[in-house]
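If you're wondering where the values come from, they're calculated on a predicted model, not measured in any experiment.
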Amino acid sequence: QLKSVSRVVLIDDDQDVLDSLDFVVSMGRFRTEKFLNPLEVLNRRWTDKAVCFVTDLAMPHLTGLELFKELKARQIDHPILFLTSRGSVA
């Protein structure tokens, strides 16, 4: 499913991490769209099927898992990759 992805949506509350992700993903010739606040992601219409989400798990406004659940509830069925800088996920 990732072969058809042309745009990657990056979500992280840390600007430095967001910029680093943008740099790395852009090297793969993907277009990127960056969001510091996951709530802004939910305000968009995601009709383009060539989208993949890359999100941090721990964010203050909405966790990555909560974002995932909300996207699924809205029948937005794009690939989602989760990232974390924490030593363990419980």
Side-chain angles (χ1 to χ4, degrees):
Q1 192 175 14
L2 289 178
K3 287 183 180 181
S4 64
V5 169
S6 62
R7 184 165 46 122
V8 178
V9 177
L10 305 170
I11 308 127
D12 199 300
D13 61 314
D14 183 318
Q15 184 68 55
D16 291 334
V17 172
L18 205 53
D19 291 340
S20 296
L21 287 171
D22 182 48
F23 177 77
V24 171
V25 171
S26 295
M27 288 176 57
R29 297 203 170 102
F30 293 101
R31 290 179 296 131
T32 61
E33 200 165 343
K34 302 185 294 186
F35 293 89
L36 282 166
N37 185 338
L39 295 174
E40 293 176 17
V41 174
L42 296 176
N43 291 331
R44 294 280 308 273
R45 290 181 44 105
W46 300 103
T47 57
D48 182 1
K49 292 295 182 189
V51 171
C52 172
F53 295 97
V54 177
T55 183
D56 186 13
L57 275 175
M59 295 179 285
H61 303 293
L62 194 71
T63 69
L65 193 54
E66 291 167 333
L67 175 63
F68 167 76
K69 289 177 182 177
E70 187 59 38
L71 290 170
K72 291 298 179 188
R74 296 174 186 208
Q75 299 181 351
I76 300 170
D77 194 27
H78 301 305
I80 300 177
L81 302 171
F82 296 100
L83 302 175
T84 186
S85 61
R86 297 182 186 253
S88 64
V89 178

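The CG atom of Leu39 sits 7.0 Å away from the CG atom of Asn43 when rounded to the nearest 0.5 Å. Separating the CD1 atom in Ile76 from the CH2 atom in Trp46 is a distance of 8.5 Å, to the nearest 0.5 Å. Atom CD in Glu40 sits 12.0 Å away from atom CG in Leu62 (nearest 0.5 Å). The line from CE of Met27 to CG of Asp22 is 12.0 Å long, rounded to the nearest 0.5 Å. Here the straight-line distance linking atom CG of Asp77 with atom NZ of Lys72 works out to 3.5 Å at 0.5 Å rounding.
Taking both residues in full, the closest heavy atoms of Asp12 and Met59 are given as CA-SD, 4.0 Å, listed atom of the first, atom of the second, then distance. The minimum heavy-atom distance between Arg74 and Glu70, with the atom names listed, is NE-OE2, 2.8 Å. The heavy-atom pair separating Ala58 from Asp13 by the smallest distance is O-OD1, 3.6 Å.
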Between Ile11 and Val9, does a side chain to side chain contact (heavy atoms under 4.5 Å, CB included) hold up when you go through it step by step? CA-CA 7 Å; Ile11 308 127; Val9 177; 4.1 Å; yes
Assess whether salt bridge (charged side-chain N to carboxylate O under 4.0 Å, His left out) is satisfied between Asp19 and Lys34, documenting all intermediate values. CA-CA 8 Å; Asp19 291 340; Lys34 302 185 294 186; 3.0 Å; yes
Does the side chain to side chain contact (heavy atoms under 4.5 Å, CB included) test come out yes or no for Leu10 and Val25, once each step is laid out? CA-CA 9 Å; Leu10 305 170; Val25 171; 4.2 Å; yes
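Following chains of ILVMFWY side-chain contacts shorter than 4.5 Å, one cannot reach Val24 starting from Val51, and the two form parts of different hydrophobic clusters.
At most 12 non-hydrogen atoms from other residues, nucleotides or ligands lie less than 6.0 angstrom from CD of Gln75.
Listed by first and then second residue, the side-chain hydrogen bond (donor to acceptor under 3.5 Å, both in side chains) pairs that reach into residues 51-64 are Thr63-Glu66, sequence neighbours excluded.
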